[in-house]
Amino acid sequence: MTKVLGACAAAAAIALTIPNSAYAANGFLVIDGVAHRNPSGCFPLGDFVPPVVANRTDAVAEVLSGPDCTGHVDWLIYPGETYRPNGSRSVFVL
């Protein structure tokens, strides 16, 4: 029993020491010409000019209707694609 608990504790310790960047996408998310290296999380889109989002990562980017990654998913931008969201307010990359 102690061997099992020790193995579980060791696995938990390793999982907690992995840096957050291990969960970021590899590559660049380019929003209106600004490149975000190894992006992870939520990114705002401009309010006045329709933005241009280029997904140069290995992950799918979700375009959301609301600010701060709220609302519904308007579009999915797959790796290598460029999209011009019209009316969307944020982009999420895991």
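- Judged purely by distance below 3.5 Å, without hydrogens or angles, the side chains of Arg56 and Thr82 pair a donor atom with an acceptor atom.
- Separating the CG atom in Leu29 from the CZ atom in Arg37 is a distance of 14.5 Å, to the nearest 0.5 Å.
- Between the side chain of Asp74 and the main chain of Val63, no donor-acceptor pair closer than 3.5 Å is present.
- Contact of the Arg89 side chain with the Leu64 side chain is not registered, since no non-hydrogen atoms from C-beta on lie closer than 4.5 Å.
- Looking only at distances, no side-chain donor or acceptor of Asn55 sits under 3.5 Å from a matching main-chain atom of Glu81.
- No chain of hydrophobic side-chain contacts below 4.5 Å, direct or via other Ile, Leu, Val, Met, Phe, Trp or Tyr residues, connects Tyr83 to Val30.
- In this structure, Asp32 contributes its side chain and Val52 its backbone to a donor-acceptor pair below 3.5 Å.
- Side chain of Ser88 to main chain of Pro85: no donor-acceptor pair is present (N/O by atom type, distance under 3.5 Å, no hydrogens or angles).
- How far CG of Leu45 is from CG of Asn86: 11.0 Å, rounded to the nearest 0.5 Å.
- For the pair Pro50 and Arg84, the minimum side-chain heavy-atom distance is 4.5 Å or more.
- Between Phe28 and His36, the ring center distance fails the sub-6.0 Å criterion.
- Between the side chain of Ser90 and the backbone N or O of Cys69, at least one donor-acceptor pair lies under 3.5 Å.
- In terms of hydrophobic clustering, with Ile, Leu, Val, Met, Phe, Trp and Tyr side chains grouped at heavy-atom distances under 4.5 Å, Tyr78 and Val73 are assigned to a common cluster.
- Between the side chain of Thr57 and the backbone N or O of Asn26 there is no donor-acceptor pair closer than 3.5 Å.
- Proximity of a side-chain donor or acceptor of Asn38 to a complementary backbone N or O of Gly27 within less than 3.5 Å is detected.
- With rounding to the nearest 0.5 Å, the separation of OG in Ser40 from CZ in Phe92 is 6.5 Å.
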side-chain contact (heavy atoms from CB on, under 4.5 Å), that's the test. Do Leu94 and Val60 meet it? Break it down for me. CA-CA 8 Å; Leu94 179 60; Val60 175; over 6 Å; no
